[in-house]
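The structure appears right after this line, and notes come after that.
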Amino acid sequence: RAGGSHRLHAPQLSDEENASVYGKCNHVHGHGHNYTVLASVSGPVDPITGMVINLVDLKKAMHAVLEELDHRNLDMDVPFFRTHTSTVENLTVYVWNRLRESLPSQLDIEIEIHETENNVAIYRGNDAKKLIF
């Protein structure tokens, strides 16, 4: 889990367009979420250890990424979101990219983030993002 705040605001849009697109999530002072972040990995099972990945290593990698997000204003404190609107879709991309840097390349990674109970995004490392409502 990571608690963070943000404001949905695309600099390419006018203030009126942002208000129309993002509604209350465009409030000038932002708003917060307690994100639930899930990571799944798949790949070959090591014939000696019997594991796809040592869960200790996965937890360390996840902890490092979540530390970058927890109790932060995503738009101001995380450089990625200075150039990307801080939607849950872009947050899944960010977490996936950060994990990709630290996990073995033969592993496939899936990131699922619950922004709210009804707003979930899933990213598997391609351009397709899945939203669940």
### Message
I'd like to know if L55 and V41 are part of one continuous hydrophobic network [Ile/Leu/Val/Met/Phe/Trp/Tyr, side-chain heavy atoms within less than 4.5 Å].
### Response
yes
#### Entry: Exam field: side chain R7 to backbone N26, donor-acceptor pair closer than 3.5 Å
yes
### Task
Check A61 against L103 and note the closest heavy-atom contact, atom names and distance.
CB-CD2, 4.0 Å
### Task
May I ask you to test the P44-Q106 pair for a side-chain heavy-atom distance under 4.5 Å?
yes
### Query
How many angstroms lie between NE2 in H63 and CD in E68, if you round to the nearest 0.5 Å?
10.5 Å
### Summary
Value for CG (L107) from CD1 (I53), rounded to nearest 0.5 Å, stands at 5.5 Å
### Minimal non-hydrogen separation, L66 against A2, with atom names
CD2-CB, 4.1 Å
### Query
Looking only at atom types and distance, does a side-chain atom of N90 sit under 3.5 Å from a main-chain N or O of S86, one as donor and one as acceptor?
no
### Task
Scan V120, V95, I122 and name whichever one has a side-chain contact (heavy atoms from CB on, under 4.5 Å) with I113.
V95
### Query
To the nearest 0.5 Å, what is the distance between NE2 (H9) and OH (Y22)?
9.0 Å
### Message
Checking the side chain of R124 only, and the main-chain atoms of I111 only, is there a donor and an acceptor separated by less than 3.5 Å?
### Response
no
### Message
Checking H6 against D75: is there a side-chain donor and acceptor pair closer than 3.5 Å?
### Response
no
### Message
How long is the straight-line distance from OH of Y35 back to CD of E115, given to the nearest 0.5 Å?
### Response
4.5 Å
### Task
Go through L91 and Y123 one step at a time and tell me if the side-chain contact (heavy atoms from CB on, under 4.5 Å) criterion holds.
CA-CA 9 Å; L91 187 56; Y123 184 66; over 6 Å; no
### Task
Give the minimum heavy-atom separation between A10 and N18, together with the two atoms involved.
N-OD1, 2.6 Å
#### Entry: Plane angle bin for Y94 and F80 - parallel if under 30°, tilted between 30 and 60°, otherwise perpendicular
tilted
### Message
Applying side-chain contact (heavy atoms from CB on, under 4.5 Å) to H114 and L38, what does each step give before you reach the verdict?
### Response
CA-CA 8 Å; H114 297 242; L38 306 171; 4.0 Å; yes
### Residue pair T49, N54: steps toward the side-chain contact (heavy atoms from CB on, under 4.5 Å) verdict
CA-CA 9 Å; T49 66; N54 187 315; over 6 Å; no
### Query
Are V21 and V88 connected in a single hydrophobic cluster, I mean Ile/Leu/Val/Met/Phe/Trp/Tyr linked by side-chain heavy atoms less than 4.5 Å apart?
no
### Query
Taking the inter-plane angle between the rings of H33 and H31 on a 0 to 90° scale, is it parallel (under 30°), tilted (30 to 60°) or perpendicular (over 60°)?
perpendicular
### Message
Assigning hydrophobic clusters by single linkage (Ile, Leu, Val, Met, Phe, Trp, Tyr; side-chain heavy-atom cutoff under 4.5 Å), is L8 placed with L69?
### Response
no
### Message
A side-chain contact here means heavy atoms from C-beta on lying under 4.5 Å apart; do D70 and R1 qualify?
### Response
no
### Summary
Closest non-hydrogen contact found for N34 with G3 is OD1-CA, 3.8 Å
#### Entry: E117, CD: over 12 other non-hydrogen atoms inside 6.0 angstrom
no
### Task
Carefully, step by step, assess D46 and M51 under the rule side-chain contact (heavy atoms from CB on, under 4.5 Å).
CA-CA 5 Å; D46 184 287; M51 297 185 285; 5.6 Å; no
## Note on the structure
Scanning both residues in full, the closest heavy-atom pair of L99 with A39 reads CD1-CB, 4.0 Å
